[in-house]
Amino acid sequence: MQLLDELARRKSITKNRNLYPIPAEPERAYLVGVEVKGAIHPWRLEDSLAELAELARTAGVEVVGQTAQRLDEVNPATYVGKGKVEELKLLARQLNIDTFIFDDELSPAQQRNLEEELGTKVIDRTALILDIFAKHARTREGALQVELAQYIYRLPRLTRAWTHLARQVGGAAARGGPGGVGLRGPGETQLETDRRLIRQRITQLKKELEHVRSHRQQYRRHRKEQGMPVISLVGYTNAGKSTLLNTLTHAGVLATDMLFATLDPVTRRLILPGGKEALLTDTVGFIQKLPTQLVAAFRATLEEIGEADLILHIVDITHPNVREQVHTVEQVLREIGTANKPVLVALNKIDLLSDPRKAELVTTQFPNAVAISALYGQGLDNLLRQIERMLTQQMVQVRARVPYAASELVALFHRHGIVTQERHGQNGILIEGKLPPGLMGRFEPYLE
């Protein structure tokens, strides 16, 4: 890609499209977390740092330690306090640290100031997640979405790459003094060039993704006309969504014990107990502090959730932060405007419970829940029955007289609806029963 190659040549952005390339030897990283007094957050600081460590390992980074600080308010210049900065500076030398990873998103100024103070690379949780997403995007759509998110994140942080050039100018020209009014150093000129190129690329990516979004809308419109209900799998990353998709539909999607192992959406046909068909769609896993850049870039993908007839929320019931994970998923669903969709909760990984009898007990702790093991197929018959029940509840009572010239609609009614009465008369076929809401438009001209 010409733009990326140009920026990579000047070391503003790397050729492999990751924000921070990982060398042959794993980077030695130290984690930093902050808890602000009075701030309300469902996750304990220690648990959030444990998850950050797992993210770092997923990115191929070696975690050599961590620290936490509780503050009345964050330092606008360095995020952490001055004393903590001095402590980190000492640790950098003692432990031979390559990178400090902060658990919250840093402002460009905070990141720049910290790197100058510590003399090492500093990244935040957002950059780390974007790096993981870049590694796991397999389709063109996924690559476009991640690239857009990276550029949006990177644009205000370009200043760091050219400060050394600005310092080299010096003198009156650099200060804008006598003899130098209106002149700019080469660093500033190059920075503006980079910003212009990146803005152009962002515009291009948005256009390409809008085309993807338009294509998805057409696909969804065609899907609705076919009357096949859609079930959207959502859940915290590594909850077992891909495993469940594979078990139910033999999708062959990568399923492994790793955060964000799969990124690109996958849709497969699902046969329900009564013989009806539905579409099961796997979407990107959620995580606490999900970068806003990703939510914006993945709009076309996340719209799949909004168009679903039923949301199937997969929960890792064995995770120590299960309630925090559930809260995070529910929060993201609210943010994307799908909180009012019908939801069925699948409490997954019951095969890992020490006492199998606890499987049924935990379902009482969550509304509308079913206990399952996606890996071993436990509870999946009950899950499918509950899916079918909830989809049936959404059907609309219909009485229509279909002319013989449109008899294909009768076959459509049998395939996707529930027929309670059918009579053939002189003026057509009278059919009664229940239909998915998406098919009502096809029958509207013949309703009685």
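Quick note: numbers below take in every heavy atom, side chains included, and nothing from hydrogens, waters or symmetry partners.
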(message) Ignoring hydrogens, what is the shortest heavy-atom contact between I123 and Q111? Give both atom names and the distance.
(response) CA-NE2, 4.1 Å
(message) Quick test of your reading of the model: are R140 and E208 salt-bridged, counting only N-O distances below 4.0 Å?
(response) yes
(request) Could you walk me through whether E27 and K121 pass the salt bridge (charged side-chain N to carboxylate O under 4.0 Å, His left out) test, one step at a time? (result) CA-CA 10 Å; E27 288 187 61; K121 183 171 68 179; 2.9 Å; yes
(request) Determine the minimum heavy-atom distance between A59 and D131, stating which atoms define it. (result) CB-OD2, 4.0 Å
(message) Tell me the closest heavy-atom pair linking G417 and M395, and the distance in Å.
(response) CA-CE, 4.3 Å
(request) Report the C-alpha separation of D104 and R125 in whole Å, then their side-chain angles, then the decisive distance to 0.1 Å, and conclude whether the salt bridge (charged side-chain N to carboxylate O under 4.0 Å, His left out) test is met. (result) CA-CA 6 Å; D104 294 292; R125 174 185 273 255; over 6 Å; no
(request) Test S373 against N348 for side chain to side chain donor-acceptor pair (under 3.5 Å), laying out the working first. (result) CA-CA 5 Å; S373 168; N348 191 27; 5.1 Å; no
(request) Determine the minimum heavy-atom distance between P26 and D98, stating which atoms define it. (result) O-OD2, 4.3 Å
(message) Could you report the tightest heavy-atom contact between L52 and L128, atom names first, then the distance?
(response) CD1-CD2, 3.9 Å
(message) If you count every heavy atom of other residues, nucleotides or ligands that lies below 6.0 Å from H211 atom NE2, does the total exceed 12?
(response) no
(message) Can you tell me which residue among N321, T328, D103 is in a side chain to side chain donor-acceptor pair (under 3.5 Å) with W43?
(response) T328
(request) Carefully, step by step, assess R385 and E388 under the rule salt bridge (charged side-chain N to carboxylate O under 4.0 Å, His left out). (result) CA-CA 5 Å; R385 285 194 298 269; E388 189 170 56; over 6 Å; no
(request) Assess whether atom NZ of K206 is packed by more than 12 heavy atoms of other residues, nucleotides or ligands within 6.0 Å. (result) no
(request) State, with a plain yes or no, whether a side-chain heavy atom of L347 is found less than 4.5 Å away from one of I372. (result) no
(request) Test the R323-F366 pair against the cation-pi criterion, namely NZ or CZ under 6.0 angstrom from the six-membered ring centroid and within 45° of the ring axis. (result) yes
(message) Within the 4.5 Å heavy-atom criterion, are E324 and Q288 side-chain neighbours or not?
(response) no
(request) Answer yes or no on whether R157 is positioned over the face of Y153, meaning its NZ or CZ is under 6.0 Å from the six-membered ring centre and within 45° of the axis. (result) yes
(request) Evaluate the salt bridge (charged side-chain N to carboxylate O under 4.0 Å, His left out) criterion for residues E210 and K207: first the C-alpha distance (whole Å), next the side-chain angles of each, then the deciding distance (0.1 Å), finally the verdict. (result) CA-CA 5 Å; E210 193 59 35; K207 288 180 179 178; over 6 Å; no
